[in-house]
Peer 1: 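Got a structure here, written out as structure tokens. Questions coming.
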There are 2 protein chains.
Amino acid sequence: MPGPRRSITETEQAIQRRLGGLTLQREAMAAVGNIHRAAAAVRQHLENSVLRPHELTWTGFVVLWVLWIWGEAETWSVAEEAGISKGTLTGISRTLESRGLVVRSAHPEDRRRVLLSLSPQGEKLMEELFPAFNEEEAFVAAPLGPEECLRLAESLRAIVSRLEEHGEQRRRELLDGENLAPRRSGRRPRP
Amino acid sequence: MPGPRRSITETEQAIQRRLGGLTLQREAMAAVGNIHRAAAAVRQHLENSVLRPHELTWTGFVVLWVLWIWGEAETWSVAEEAGISKGTLTGISRTLESRGLVVRSAHPEDRRRVLLSLSPQGEKLMEELFPAFNEEEAFVAAPLGPEECLRLAESLRAIVSRLEEHGEQRRRELLDGENLAPRRSGRRPRP
DNA sequence: CTCATATCGTTTGACATCAAACGACTACCC
DNA sequence: GGGTAGTCGTTTGATGTCAAACGATATGAG
């Protein structure tokens with residue numbers, strides 16, 4: 001870490017100064033802001049400690065993890081669990097398959113669908129990787145202690161559940177009137 | 001939300017089954033796993049509610065936010081605060097500059113450096129965008145209540161601080177012996 | 001002054017990422 | 001049994017992402 005990086009405390013003080021006048025929900029802002037800071041910091045650490053020696057990207061690992069936990073699954077379900085779009089999963093699973101970690105097989109009853117599962121080699125990798133990964137999870141969470149970890153997990157779970165249950169409706173309400181132009185990027189209709 | 005998505009509770013039960021045999025730090029795993037689930041869910045919600053009508057990406061917004069809070073800053077510092085690499089920032093600031101939201105100016109004493117700041121237009125956008133953004137932060141954090149928000153923020157801050165203080169050393173220890181091949185992707189040395 | 005070394009932001013190449021468009025396929029209706 | 005409406009995974013195009021290489025500039029030593 002080379003430069004004089006601003007600490008998280010300094011950042012929060014600067015926010016206070018900047019927002020001196022405005023009336024805002026400071027608690028929610030602190031919580032949500034720190035979720036992202038923590039997620040980025042933890043992801044960076046895990047990528048550069050556990051994953052890099054195996055040349056695995058974060059998302060690649062998440063996909064392997066999903067298949068390890070849930071076993072063989074259809075692609076749409078894997079994308080959902082991994083939190084990525086189905087288009088992204090196409091690329092990821094292509095990469096993982098080329099490395100021999102994942103097997104793609106046809107659905108027996110519907111030729112549109114594809115089933116993903118771990119290869120024996122992928123299974124073996126996860127058995128080695130997961131304990132190391134968990135070791136680093138414990139390292140980053142060390143200052144918290146078991147009880148605080150569980151309370152943290154519980155609070156975060158409440159946020160995820162809220163969005164699972166009410167997020168889509170909320171977005172509909174917010175954007176109802178507004179005419180959403182189609183995304184600027186993405187495939188173009190043929191002329 | 002089309003398909004029968006697995007809930008976060010179902011996921012945690014599946015993890016329990018899969019890891020029945022192994023000895024693991026379950027509390028840390030639950031905490032860290034939920035940090036990422038929550039971060040992804042919240043980011044998705046904010047992108048698709050507040051940011052999309054303005055055609056802003058998440059990272060673009062974060063960069064604007066950093067400049068808004070801190071004022072004019074050098075690029076390396078902005079990249080650090082935004083949690084992205086300096087190479088990525090080059091692209092982002094190019095995009096934001098082309099939209100007239102950000103101004104790039106030369107450092108008065110060092111012609112290698114570049115200073116970034118918000119344009120008046122960018123300033124105006126943030127004054128409009130930030131309250132809306134904060135409103136959605138409050139929406140996602142609604143089930144928690146102010147005290148729980150602050151406790152959540154505090155726990156996350158402890159994790160970020162731990163990595164700020166001990167992360168690099170930890171990675172050095174873990175990877176010391178291992179010979180890290182240079183990243184597969186990235187620019188190649190010319191022949 | 002000169003030359004080596006360090007550091008800045010940019011470029012590069014490989015891949016990730018999203019949503020819309022698409023082709024292949026299934027399912028339903030009459 | 002012939003259309004057609006819906007759903008699957010893939011392709012596409014724009015942008016994001018990283019770390020190493022790079023060119024331009026600054027700094028320091030002799």
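Everything numeric here is computed off the predicted structure, so don't read it as measured data. Per chain, numbering begins at 1; letters A, B, ... match sequence-line order.
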Peer 1: With a non-hydrogen cut-off below 4.0 angstrom, is B:Thr75 in contact with a base, only sugar-phosphate, or nothing?
Peer 2: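 Here B:Thr75 touches the backbone only, sparing every base.
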
Peer 1: I need the CD1-C1' distance between A:Ile84 and C:dC15, as an integer number of Å.
Peer 2: 13 Å

Peer 1: For the pair B:Arg94 and B:Glu97, find out whether any cationic side-chain nitrogen is under 4.0 Å from an anionic carboxylate oxygen.
Peer 2: no

Peer 1: On DNA chain C, compare the nucleotides closest to A:Arg111 and A:Trp58; which residue's is nearer the 5' end?
Peer 2: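 Closest to the 5' end, via its nearest nucleotide, is A:Trp58.
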
Peer 1: Scan B:Thr59 against the nucleic acid and name what it touches under 4.0 Å (heavy atoms): base, sugar-phosphate only, or nothing.
Peer 2: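 Contact class for B:Thr59: sugar-phosphate only.
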
Peer 1: Looking at A:Arg162, A:Arg171, A:Arg170, which one forms a salt bridge (charged side-chain N to carboxylate O under 4.0 Å, His left out) with B:Glu136?
Peer 2: A:Arg170

Peer 1: Tell me the interatomic distance from B:Lys86, atom NZ, to C:dA6, atom P, rounded to whole angstroms.
Peer 2: 15 Å

Peer 1: In whole angstrom, what separates B:Leu46's CG from C:dC18's P?
Peer 2: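 Rounded to whole Å, this separation is 15 Å.
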
Peer 1: Both B:Gly91 and A:Glu74 contact DNA chain D. Which one's nearest nucleotide lies toward the 5' end?
Peer 2: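 By nearest-heavy-atom nucleotide position, the 5'-most residue is A:Glu74.
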
Peer 1: Pick base, sugar-phosphate or nothing for B:Leu89, based on heavy-atom distances below 4.0 Å to the nucleic acid.
Peer 2: nothing

Peer 1: Taking only Lys NZ, Arg NE, NH1 and NH2, and the carboxylate oxygens of Asp or Glu, determine whether B:Glu168 and B:Arg172 approach each other closer than 4.0 Å.
Peer 2: yes

Peer 1: Going by side-chain contact (heavy atoms from CB on, under 4.5 Å), B:Leu89 matches just one of B:Leu116, B:Thr59, B:Leu96. Which one?
Peer 2: B:Leu116

Peer 1: Using a strict 4.0 Å threshold on nitrogen-to-oxygen distance, state whether A:Glu154 and A:Arg157 make a salt bridge.
Peer 2: yes

Peer 1: Side chain of A:Arg104, heavy atoms from C-beta onward: which of C:dT10, D:dA24, D:dT10 has the nearest atom to it?
Peer 2: D:dT10

Peer 1: Looking at C:dC25, C:dA16, C:dT11, which one has an atom nearest to any side-chain atom of B:Thr90?
Peer 2: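 Nucleotide nearest to B:Thr90's side chain: C:dT11.
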
Peer 1: In whole angstrom, give the distance that lies between atom CZ of B:Arg94 and atom P of D:dA14.
Peer 2: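 Going from B:Arg94 (CZ) to D:dA14 (P), I get 16 Å.
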
Peer 1: Round to the nearest Å and state the distance from A:Leu51 atom CG to D:dA19 atom P.
Peer 2: 13 Å

Peer 1: Within this structure, what is the CD-to-C1' distance between A:Glu47 and C:dC15, rounded to whole angstrom?
Peer 2: 12 Å

Peer 1: Please state how far atom CZ in B:Arg112 lies from atom P in D:dA26, giving the value in whole angstrom units.
Peer 2: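 Checked: the CZ to P distance equals 7 Å.
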
Peer 1: A:Trp76 has an atom CH2; how far is it from atom P of D:dT10, in whole Å?
Peer 2: 15 Å

Peer 1: A:Thr88 has a side chain; which of D:dC18, C:dC18, D:dT15 sits nearest to it?
Peer 2: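 It is C:dC18.
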
Peer 1: Of the nucleotides C:dT17, D:dA20, D:dG16, which has the atom closest to the A:Arg52 side chain?
Peer 2: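 The answer is D:dA20.
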
Peer 1: Below 4.0 angstrom from OP1 or OP2 of C:dC15, is there any side-chain N or O of A:Thr57?
Peer 2: no

